[in-house]
Number of protein chains: 2
Amino acid sequence: MTSEYRRDVFQAIADPTRRKIIDLISQQPMNLKTIAEYFDISRPAISQQIKILIECGLVEVKRVGRETYCTIQPGELKKIADWAGQYAGLWEDRIDSFEKYVNKLHTKKNKKYGKFK
Amino acid sequence: MTSEYRRDVFQAIADPTRRKIIDLISQQPMNLKTIAEYFDISRPAISQQIKILIECGLVEVKRVGRETYCTIQPGELKKIADWAGQYAGLWEDRIDSFEKYVNKLHTKKNKKYGKFK
DNA sequence: ATAATTGGTAAGCGTATGCTTATATAAATA
DNA sequence: TATTTATATAAGCATACGCTTACCAATTAT
């Protein structure tokens with residue numbers, strides 16, 4: 001784990017606590033204490049979770065006096081939306097049978113090379 | 001873990017191997033052996049990963065003879081895209097200045113306690 | 001019929017994860 | 001100045017994770 005280490009953002013959002021933190025600070029920046037009030041776990045636990053969110057670039061932190069304000073960095077969230085969104089074609093017209101699936105793939109191919117048909 | 005147990009889909013996509021499996025079978029249904037050829041890990045390992053993908057509804061399986069064909073179930077992927085996509089507003093007009101936020105807070109506070117000032 | 005192929009499951013193992021409590025530090029408050 | 005507050009970090013611990021090998025069942029090929 002060097003200094004340029006960047007944690008996998010998909011691994012980061014796997015934890016429901018971290019997703020809730022993201023949700024909270026996406027509405028407005030929040031210091032750690034305020035965030036912790038939304039959970040039943042200790043503040044060190046929250047601190048550790050935030051550290052993970054920082055390491056993968058989902059959260060940025062600014063120290064103001066003794067408080068640490070957390071703000072969201074939406075860029076990494078966009079990467080996730082893009083990854084899942086690349087399969088949008090699959091849920092447009094839903095495939096519920098193996099045969100249909102094969103058919104659809106075939107159609108796609110035809111579309112792609114349609115001008116050569 | 002009862003029969004109606006459903007694994008967290010965010011946890012499921014946290015593993016890079018599982019994401020690669022998703023990527024492979026999103027292009028076309030594939031049996032386990034074929035999938036395994038894309039990896040350096042054992043077939044039982046792949047089998048276990050696929051089981052997890054089934055448990056969270058990302059993959060459906062069809063037994064044909066002795067082969068097990070895996071097809072993607074895009075519905076759960078849409079949930080992920082929706083979750084990440086709900087923050088789209090944040091990356092459109094980005095709030096990158098903490099000062100802006102403090103300003104906003106200050107305004108709020110003044111509103112709240114303004115009459116006692 | 002026998003052997004090979006495909007894949008599922010169990011046991012075991014090293015490592016990662018997510019929490020706790022204890023301790024330390026810096027900043028605000030009385 | 002002494003105390004409280006906000007936070008970070010370390011150590012420890014139980015559990016989850018992801019892989020391996022060993023084994024079994026079912027299907028296909030020889």
Side-chain angles (χ1 to χ4, degrees), chain A residues 1-3 5-22 24-25 28-56 58-71 98, chain B residues 1-3 5-25 28-56 58-71 98 101-102 105-106 109:
Chain A
M1 174 171 164
T2 60
S3 64
Y5 166 76
R6 184 155 259 217
R7 188 183 284 264
D8 185 334
V9 68
F10 287 92
Q11 191 272 333
I13 61 161
D15 184 76
T17 298
R18 287 194 290 266
R19 286 202 300 279
K20 192 172 169 185
I21 292 174
I22 289 170
L24 286 168
I25 68 175
Q28 62 175 304
M30 229 174 248
N31 65 9
L32 195 145
K33 191 214 170 196
T34 309
I35 294 171
E37 284 167 359
Y38 290 87
F39 297 89
D40 288 330
I41 58 178
S42 69
R43 273 195 268 181
I46 299 292
S47 181
Q48 289 157 18
Q49 298 288 37
I50 290 172
K51 192 180 182 187
I52 289 169
L53 293 172
I54 294 168
E55 283 171 1
C56 73
L58 275 169
V59 164
E60 210 176 44
V61 129
K62 180 165 187 177
R63 196 81 197 237
V64 177
R66 62 185 162 181
E67 298 173 47
T68 296
Y69 278 86
C70 303
T71 60
F98 178 83
Chain B
M1 174 171 163
T2 62
S3 64
Y5 165 77
R6 185 155 260 215
R7 188 183 283 263
D8 185 335
V9 69
F10 287 92
Q11 191 272 331
I13 61 160
D15 183 77
T17 297
R18 287 193 291 266
R19 287 201 301 277
K20 192 172 168 183
I21 292 174
I22 289 170
D23 191 49
L24 286 169
I25 67 175
Q28 60 175 307
M30 229 175 248
N31 66 8
L32 195 144
K33 191 216 170 195
T34 309
I35 294 170
E37 285 168 358
Y38 289 86
F39 298 88
D40 288 331
I41 59 179
S42 69
R43 272 196 270 183
I46 298 292
S47 182
Q48 289 157 17
Q49 298 289 36
I50 290 172
K51 192 181 181 187
I52 289 168
L53 293 172
I54 293 168
E55 282 170 3
C56 71
L58 275 169
V59 164
E60 210 177 45
V61 129
K62 181 170 185 174
R63 195 84 196 235
V64 178
R66 63 185 163 183
E67 298 173 47
T68 297
Y69 278 87
C70 302
T71 60
F98 177 79
Y101 161 69
V102 173
L105 252 195
H106 188 64
K109 230 179 190 164

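For the numbers below, each heavy atom of this structure counts, side chains included, while hydrogens, waters and symmetry mates do not. Quick note on labels: first sequence line is chain A, next is B, and so on, each numbered from 1. As the structure is a prediction and not an experimental result, all values here were calculated from the model.
As judged by a 4.0 angstrom heavy-atom cut-off over every strand, B/S47 is placed among the base-contacting residues. Here B/Q48 lies in heavy-atom contact (under 4.0 Å) with a base.
A/R63 has no carboxylate O lying under 4.0 Å from a charged side-chain N of A/E67, or vice versa, which leaves the two without a salt bridge. A salt bridge links B/R19 with A/D8; the closest basic N to acidic carboxylate O contact falls under 4.0 Å.
The side chain of A/P44 sits closest to C/dT20 out of C/dT20, C/dG8, D/dT7. Each of D/dT7, C/dC19, D/dT21 was ranked by its minimum atom distance to the side chain of A/L32; first place goes to D/dT7. With distances taken from any side-chain atom of B/S42 to the nucleotides D/dC19, D/dT20, C/dG8, the minimum falls on D/dT20. Each of C/dG18, C/dT6, C/dC19 was ranked by its minimum atom distance to the side chain of A/I41; first place goes to C/dC19. In the set D/dT20, D/dA8, C/dT20, C/dT20 carries the atom at the smallest distance from any side-chain atom of A/A45.
Using a distance-only test at 3.5 Å, with no hydrogens or angles considered, no donor-acceptor pair links the side chain of B/R18 to the main chain of B/Q49.
B/E37 places its CD atom 9 Å from the P atom of C/dT6, with the value rounded to the nearest Å. Rounded to whole Å, the distance from OH on A/Y69 to C1' on D/dA8 is 17 Å. What separates NZ of B/K33 from P of D/dT27 is a distance of 19 Å, to the nearest Å. One atom, CD1 of B/I13, and another, P of D/dC17, lie 15 Å apart when rounded to the nearest Å. A straight line from NZ of B/K51 to P of D/dC17 spans 13 Å, rounded to a whole angstrom. Across the protein-nucleic acid pair, B/F10 atom CZ and D/dC17 atom P stand 16 Å apart, rounded to whole Å. The distance between atom CD of A/Q49 and atom P of D/dT7, rounded to the nearest whole Å, is 16 Å. Atom CD1 in B/I35 sits about 13 Å away from atom P in C/dT6, given to the nearest Å.
For D/dA6, neither phosphate oxygen OP1 nor OP2 lies less than 4.0 angstrom from any side-chain nitrogen or oxygen of A/T68. Look at B/Q11 and you'll find a side-chain N or O under 4.0 angstrom from OP1 or OP2 of D/dC17.
B/I35 is listed as a side-chain neighbour of B/C70, based on a closest heavy-atom distance under 4.5 Å.
If you find the closest nucleotide of DNA chain C to A/R63 and to A/T17, the one lying nearer the 5' end belongs to A/T17.
A donor-acceptor contact under 3.5 Å links the side chain of B/R66 to the base of C/dT5. Judged by distance alone, with hydrogens and angles left aside, A/R43 brings no side-chain donor or acceptor close enough to the base of D/dT7 to form a pair under 3.5 Å.
In this structure, B/K20 forms no cation-pi arrangement with B/Y38, as its terminal cationic atom is not both closer than 6.0 Å to the ring centre and no more than 45° off the ring axis.
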